[in-house]
Amino acid sequence: MEIRTIGVVGAGQMGNGIAHVMALAGYEVALNDISREALDKAMATIRKNLDRQVSREKITQDELEVALARITTTQTLTDLGPSDLIIEAATEREAVKQAIFDELLPHLGPQTILTSNTSSISITRLASRTDRPEKFMGFHFMNPVPVMQLVELIRGIATDKDTFEACRAVVDKLGKTAASAEDFPAFIVNRILMPMINEAVYTLYEGVGNVQSIDQSLKLGANHPMGPLELADFIGLDTCLAIMNVLHDGLADTKYRPCPLLTKYVEAGWLGRKAGRGFYDYRGEEPVPTR
Ligand SMILES: CC(=O)CC(=O)SCCNC(=O)CCNC(=O)[C@H](O)C(C)(C)COP(=O)(O)OP(=O)(O)OC[C@H]1O[C@@H](n2cnc3c(N)ncnc32)[C@H](O)[C@@H]1OP(=O)(O)O
Ligand SMILES: NC(=O)C1=CN([C@@H]2O[C@H](COP(=O)(O)OP(=O)(O)OC[C@H]3O[C@@H](n4cnc5c(N)ncnc54)[C@H](OP(=O)(O)O)[C@@H]3O)[C@@H](O)[C@H]2O)C=CC1
């Protein structure tokens, strides 16, 4: 089945990036969020990122206008019903995702492929509660979506071959690279990346280094483009903690114990860049370490 129309649920940092790349690749996109403010902010971000691509001569002004015209926004989830492919990119909480699927299902055509951009949650479990486990899978973009080359594709236990191939064709059309991962907690990228970030937070918690020295060490000592605490802020500390909890619960191993300092930052609402404060304070001209 050829995919032409795409519904994206959640207009946060991932949802806006997914809408951006899908529209540029020629798909009609319906972008949904519970908040009008989030939708307006997402459209402003998409325009800013497209503008930057025009100024760097990656795309033309015409391509920008056409891409923007392909995106519609809606606060009514059921408007996404007629889409060929749904990508759920709402907050990393299973109950939130579950409620979205429950509301959407009665409005979907029988052929619609349902996917989640979840960073960690079991695809098999999410799929088992729908009417279409064979047409359900993980479609996991990396942040920032317009820049990162990889998309992890995760089959649930029941995902059929046609569904996987249809999603792989979409990744090809985006000019990105699909990597197949088995459905175990946090899949491949986050199974490896998130314990490293969590260990960086322990390194801070135990006073081995401060925010600046930890980030500088990994940037200059291991050639990482961002330090682990800067990256955690970029991803969102709520998302990092949610992923660690899925690893800890799902693999039942204390080596995945989320650092109490990470929990404290999340409890304070210091969620990273999107909240204006995390391991760095972003409210001034330059980010300032908070420890
Ligand atoms: C949590 C999960 O489930 C999975 C994940 O996503 S894990 C996170 C994975 N992501 C990473 O690890 C990102 C690590 N960081 C990086 O790779 C780099 O710091 C970065 C690409 C984000 C920025 O790179 P940089 O060299 O510091 O910045 P800069 O030179 O300004 O930008 C490089 C390019 O990215 C673009 N860019 C930067 N930030 C962007 C953003 N937020 N949105 C869109 N485009 C962006 C720039 O326009 C520029 O594009 P061109 O090459 O076409 O000119
Ligand atoms: N951040 C990252 O680096 C990556 C994240 N992901 C995954 O992508 C998903 C989204 O993450 P991210 O974009 O960072 O999160 P954000 O917090 O930036 O955005 C989530 C958005 O979903 C909205 N939302 C919450 N509930 C609903 C709902 N019921 N219906 C529609 N929209 C809703 C939120 O609205 P409000 O703010 O009003 O609650 C918010 O606008 C998560 O599953 C995450 O694990 C995957 C790869 C990388």
Side-chain angles (χ1 to χ4, degrees), residues 7-21 24 31-42 45-59 73-80 86-104 115-121 123 126 138-152 154 179 181 186-194 196-197 215 218-219 223-228 230-246 266 271-275:
V8 179
V9 186
Q13 47 185 346
M14 295 307 289
N16 86 61
I18 296 167
H20 171 147
V21 298
L24 258 191
L31 178 60
N32 160 263
D33 201 285
I34 38 178
S35 125
R36 173 43 58 191
E37 199 190 335
L39 289 168
D40 292 344
K41 197 168 155 216
T45 302
I46 293 170
R47 178 173 270 284
K48 187 185 79 195
N49 285 332
L50 286 167
D51 275 337
R52 189 161 48 176
Q53 286 175 300
V54 172
S55 66
R56 300 198 185 189
E57 296 182 352
K58 302 264 160 143
I59 61 170
T73 59
T74 174
Q75 281 177 269
T76 308
L77 180 62
T78 51
D79 286 349
L80 272 52
I86 305 270
I87 303 178
E88 173 280 313
T91 310
E92 185 73 345
R93 288 201 355 239
E94 192 161 338
V96 168
K97 295 180 185 302
Q98 188 62 56
I100 288 168
F101 295 135
D102 288 348
E103 190 180 338
L104 256 180
T115 69
S116 176
N117 184 53
T118 177
S119 297
S120 59
I121 298 168
I123 297 301
L126 290 173
F139 204 128
H140 183 212
F141 286 88
M142 305 297 136
N143 187 12
V145 179
V147 180
M148 303 302 280
Q149 185 60 30
L150 190 82
V151 180
E152 264 184 327
I154 306 112
F187 324 123
I188 296 175
V189 172
N190 286 324
R191 172 78 177 261
I192 299 167
L193 180 67
M194 216 40 77
M196 184 204 69
I197 287 177
D215 275 351
L218 271 288
K219 281 203 285 197
N223 254 2
H224 290 201
M226 286 176 170
E230 186 189 357
L231 181 57
D233 274 359
F234 181 62
I235 291 168
L237 302 190
D238 52 340
T239 303
C240 293
L241 180 60
I243 297 168
M244 285 313 299
N245 280 324
V246 168
V266 173
L271 305 182
R273 266 199 215 181
K274 66 184 172 186

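Numbering of ligands and ligand atoms starts at 1, following listing order. All values below were derived from every heavy atom in this structure, side-chain atoms included, with hydrogens, water molecules and symmetry-related copies excluded.
- Taking every non-hydrogen atom of Pro146 and a distance limit under 4.0 Å, the qualifying atoms of ligand 1 come out as 44 (C).
- For ligand 1 and Asn190, the ligand atoms under 4.0 Å from any heavy atom of the residue are 1 (C), 2 (C), 3 (O), 4 (C).
- Here the closest heavy-atom approach between residue Gln75 and residue Leu39 is recorded as CG-CD1, 3.8 Å.
- For atom 1 (C) of ligand 1, the protein comes within 4.0 Å by at least one heavy atom.
- For ligand 1 and Met226, the ligand atoms under 4.0 Å from any heavy atom of the residue are 14 (C), 15 (N), 19 (O), 22 (C).
- Contact annotation: Glu88 has no heavy atom less than 4.0 Å from any atom of ligand 2.
- With hydrogens left out, the protein atom closest to atom 42 (N) of ligand 1 is Pro144 CB, 3.6 Å, a heavy atom.
- For atom 31 (O) of ligand 1, the nearest non-hydrogen atom of the protein is Arg56 NH2, 4.6 Å.
- Near Ile235, with a cut-off below 4.0 Å to any heavy atom, the atoms of ligand 1 are 1 (C), 7 (S).
- Proximity to Ala89 (heavy-atom distance under 4.0 Å) selects the following atoms of ligand 2: 9 (C), 10 (C).
- If you check each of Ile100, Val246, Ile121, Val189 against atom 30 (N) of ligand 2, the one with the closest non-hydrogen atom is Ile100.
- The protein heavy atom nearest to atom 53 (O) of ligand 1 is Lys58 NZ, 2.9 Å.
- In this structure, atom 27 (O) of ligand 1 is not in close contact with the protein, since no protein heavy atom lies within 4.0 Å of it.
- Counting heavy atoms of neighbouring residues, nucleotides and ligands inside a 6.0 Å radius, atom CZ of Arg36 exceeds 12 of them.
- In summary, the atoms of ligand 1 found under 4.0 Å from a heavy atom of Met142, numbered by their order in the structure, are 4 (C), 5 (C), 6 (O).
- Closest to atom 35 (O) of ligand 1 by heavy atom, among Ile59, Val21, Val147, is Val147.
- Residue Asp238 places no N or O, backbone or side chain, under 3.5 Å from any N or O of ligand 2.
- When the options Cys240, Ala90, Ala275 are ranked by their closest heavy atom to atom 9 (C) of ligand 2, first place goes to Ala90.
- Using a non-hydrogen distance threshold of 4.0 Å, Gly236 does not register as a contact of ligand 2.
- A donor atom on one side chain and an acceptor atom on the other are not found under 3.5 Å apart for Asn49 and Gln53.
- In this structure, atom 48 (O) of ligand 1 lies nearest to the protein heavy atom Arg52 NE, 3.1 Å.
- Near Asn32, meaning under 4.0 Å from one of its heavy atoms, ligand 2 places the atoms 31 (C).
- In summary, the atoms of ligand 2 found under 4.0 Å from a heavy atom of Val96, numbered by their order in the structure, are 26 (N).
- One distance of note links OG1 of Thr239 with CE of Met14; it measures 9.5 Å at 0.5 Å rounding.
- Among protein heavy atoms, the minimum distance from atom 15 (O) of ligand 2 is reached at Lys274 NZ, 4.0 Å.
- Atom 24 (O) of ligand 1 lies below 4.0 Å from none of the non-hydrogen atoms of the protein.
- Of the protein's non-hydrogen atoms, the one nearest atom 17 (O) of ligand 1 is Pro225 CG, 3.7 Å.
- Against a heavy-atom cut-off of under 4.0 Å, Lys97 is close to the following atoms of ligand 2: 42 (C), 43 (O).
- Each of the following atoms of ligand 1 lies closer than 4.0 Å to a heavy atom of Leu193: 7 (S).
- At a distance under 4.0 Å, no protein heavy atom can be found next to atom 33 (C) of ligand 1.
- Counting atoms of ligand 2 from 1 in the listed order, those under 4.0 Å from a heavy atom of Phe141 are 46 (C), 47 (C), 48 (C).
- For the residues Ile87, Asn117, Asn143, Ile243, the heavy atom positioned nearest atom 8 (O) of ligand 2 is part of Asn117.
- Between Gly15 and ligand 2, no pair of N/O atoms sits closer than 3.5 Å.
- Residue Ser119 has at least one nitrogen or oxygen atom sitting less than 3.5 Å from a nitrogen or oxygen atom of ligand 2, judged on distance alone.
- Between Thr118 and ligand 2, no pair of N/O atoms sits closer than 3.5 Å.
- By the criterion of a heavy-atom distance under 4.0 Å, both the backbone and the side chain of Thr91 are placed next to ligand 2.
- Per-atom contact check: atom 37 (O) of ligand 2 does not touch the protein, criterion being a heavy-atom distance below 4.0 Å.
- Within ligand 2, counting atoms from 1 as listed, the ones closer than 4.0 Å to a heavy atom of His140 are 46 (C), 47 (C).
- When non-hydrogen atoms are compared, ligand 2 lies under 4.0 Å from neither the backbone nor the side chain of Phe234.
- Counting protein heavy atoms under 4.0 angstrom from atom 3 (O) of ligand 2 gives one or more.
- At least one heavy atom of His140 sits less than 4.0 Å from an atom of ligand 1.
- Under a 4.0 Å heavy-atom criterion, Asn49 is in contact with ligand 1.
- Ranking the protein heavy atoms by distance from atom 10 (N) of ligand 1 puts Asn143 O, 2.7 Å first.
- Given atom 12 (O) of ligand 1, the protein heavy atom at minimum distance is Leu231 CD1, 3.7 Å.
- When the heavy atoms of Glu92, Glu152, Glu103 are ranked by distance to atom 43 (O) of ligand 2, first place goes to Glu92.
- Every N/O-N/O distance between Thr239 and ligand 1 stays at or above 3.5 Å.
- When the shell of 6.0 Å around NZ of Lys274 is examined, it contains more than 12 heavy atoms from other residues, nucleotides or ligands.
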